[in-house]
Amino acid sequence: MGISQEFQLSEPSKPLAGYLKNTAATFFGIDDFDHYRTLKAHVDQSLAQTLSEREHPTSGILPGELLKAFQPLDLDVPLNDFVAALEELKPLYLDHAILFHHQDYVAHLNCPILDVSLAAEHLASALNTAVETWDQSAGGTWIEQHLINWLAKRAGLPEDADGVFTSGGSQSNMMAMLLAREQAFARADSETPHQRLARYRVLCSEDSHFSIQQACMLLGMGKQAAIQVPCTDQRCMDVSALEATLAGMASNGEIPIAIVATAGTTDFGAIDPLVDIARLSRQYQCHFHVDAAYGGGLLLSKQQRQRLAGIEAADSVTLDFHKFAFQPVACSALLIRDTAMMAPLAHHADYLNPLEQALAGTPDLVNKSLQTTRRFDALKLWVTLRTLGPDALGEMIDTLVSKTARLGEWMVNQADIELLAAPSISTLVFRFHAPRHDDDTLDEVNRQIRSRLARSKRAMVAATRCQGRQYLKFTLLNPRSDVDQLAGLVADIVAMGHEVLQQMQSSR
Ligand SMILES: *Cc1c(COP(=O)(O)O)cnc(C)c1O
């Protein structure tokens, strides 16, 4: 009795409005729209300033140097002013952010982003749609589902294919391995799942992405469950080695549950022989997963599409639109051959997606995802496709492939440059290689070239190791890249290599 008294609101006449009077907080909405517009104008101005001031893809700053700028900050003491907060970001972030759209950024699989995609991302963030259930997203659910259906059709998967957007290729690969493990459990005999887990094996190539090993570890099979099949000289999975490995497994008590083909390896863009791997997957009753995080872009290209022949036999496919489709991070999907295969992902929580809701036909995407609250990442790809169309994306990918091929041909004829393999999609793995120097010296020189390029702001290039040796890598993802300009970068690399060699010799 006393409780209801205490909790009674004070005089009804006293207005509740004004409860934020001690803070400067406003919310996104029509009431404060002009305020929001002002904030947005400030952000756009800072972006324009950053883009016009910054001449290089990197500032070359080292972690310890940048950390000094954070020392005077006290997060307990606010600036009480948005413009001041933006100003403060300049030395902390804007002046040093790595610029992926810059011509001299040729390091990792980070693409320049289409402005229509960024604008659409903004829309999704503003409405703050969460796509996990129909009652939180409505049209967002159907947009994602339509895109999944369209992508599955592009990949040549059957009518009842399905899939879901994910946080990235690593999550897609993990989900694919999870579904493979669950299918294997379903086929298992009297052994306990725990006993079988230790015998499960996933076959992938030595050049496959590390997320496959990580998935095996997370799924209780252990990292060593990922068997790395050797690659041929073309850097593709060696089918005869795969066949021999599979044939020897039964006698060791090993059970192959999945074969992972990489369609576009991270370093070489190599495409594993999909048709042969599909055949062996069927023969050994394995889940056939295609990691097309990078190479999936070829699905959009008229010229290159046939290089993915065999992908239509996949049980699952990983696609990373933030790698090949000029989308902001994150934008990724996992496609699944048969919607029934996704059943193990469904969990019906009474407070979110009760079973009755699913039985009544409500399309709750959370039933197919490892995430609960999930961003509406499908929208930016949708708007990109509706504005520009898939052919435009495919042509941009063709441009990347042909520019990379041209640069590769040019590099083959350069003195003091060793190109490790002919390009497959849009990467070039090479090293500075002056005659009469041993491999250990060359390793050191190439390592130094990379850090000097970054430190001097000249360019961001990647590094990788192959057959125990240090290499440099270009990843071309900007369709506007100029081949001559990149050839100029290669020339600078050669000059820098000689400079490093000289310094090493004189300090000896
Ligand atoms: C980048 C990459 C991944 C991982 O994708 P994220 O989106 O970075 O999680 C998986 N496989 C391949 C072949 C990749 O290149």
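We count ligands from 1, going down the list as the structure has it; atoms in each ligand are counted the same way. Reckoned from all heavy atoms, side chains included, excluding hydrogens, waters and symmetry mates.
Remark: the H209 side chain and the S211 side chain contain an N/O donor-acceptor pair separated by less than 3.5 Å.
Taking every non-hydrogen atom of G264 and a distance limit under 4.0 Å, the qualifying atoms of ligand 1 come out as 13 (C). Those atoms of ligand 1 that come under 4.0 Å of a heavy atom in K323, given as number and element, are 1 (C), 2 (C), 3 (C), 4 (C), 5 (O), 8 (O), 14 (C), 15 (O). Residue T266 approaches ligand 1 through these ligand atoms, each under 4.0 Å from one of its heavy atoms: 12 (C), 13 (C), 14 (C), 15 (O). Of all the atoms in ligand 1, the ones that sit under 4.0 Å from a non-hydrogen atom of H322 are 7 (O). The distance from ligand 1 to the heavy atoms of D320 drops below 4.0 Å at these ligand atoms: 5 (O), 6 (P), 7 (O). Of all atoms in ligand 1, listed by their number and element, those nearer than 4.0 Å to a heavy atom of L109 are 15 (O).
A salt bridge does not link R199 to E254: none of the charged side-chain nitrogens sits closer than 4.0 Å to a carboxylate oxygen.
Counting heavy atoms under 4.0 Å from ligand 1, residue S170 touches it through both backbone and side chain. Contacts of T318 with ligand 1, taken as heavy-atom pairs under 4.0 Å, are absent altogether.
Remark: aromatic rings of Y105 and F474 are distant, center separation not under 6.0 Å.
Going from atom SG of C466 over to atom CG of L420 covers 5.0 Å, rounded to the nearest 0.5 Å. Annotation: the span from T318 atom OG1 to H289 atom NE2 amounts to 3.0 Å, rounded to 0.5 Å.
Judged by the shortest distance from any of its heavy atoms, G295 lies outside the 4.0 Å radius around the atoms of ligand 1. Between T265 and ligand 1 there is no heavy-atom distance shorter than 4.0 Å. A heavy-atom separation below 4.0 Å is not found between Q171 and ligand 1.
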Please table the atom pairs, donor to acceptor, closer than 3.5 Å between any side-chain atom in residues 178-188 and protein atoms at least two apart or in another chain.
unit_1	atom_1	unit_2	atom_2	d
R181	NH1	L219	O	2.9
Q183	OE1	H287	ND1	2.8
R187	NH2	Q285	O	3.1

Sequence neighbours left out, cut at 3.5 Å: what donor-acceptor pairs do the side chains of residues 270-279 make with other protein atoms?
unit_1	atom_1	unit_2	atom_2	d
D272	OD1	M237	N	2.8
D272	OD2	T262	N	2.9

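When D291, T166, N173 are ranked by how near their heavy atoms come to atom 13 (C) of ligand 1, first place goes to D291.
Annotation: Y294 places no N or O atom under 3.5 Å from an N or O atom of ligand 1; distance criterion only. For the pair G169 and ligand 1, the shortest N or O to N or O distance falls below 3.5 Å.
The side chain to side chain contact (heavy atoms under 4.5 Å, CB included) with R374 is formed by just one residue from the set L365, T166, T133; it is L365.
Within a 6.0 Å sphere centred on CD of E159, other residues, nucleotides and ligands contribute 12 heavy atoms or fewer.
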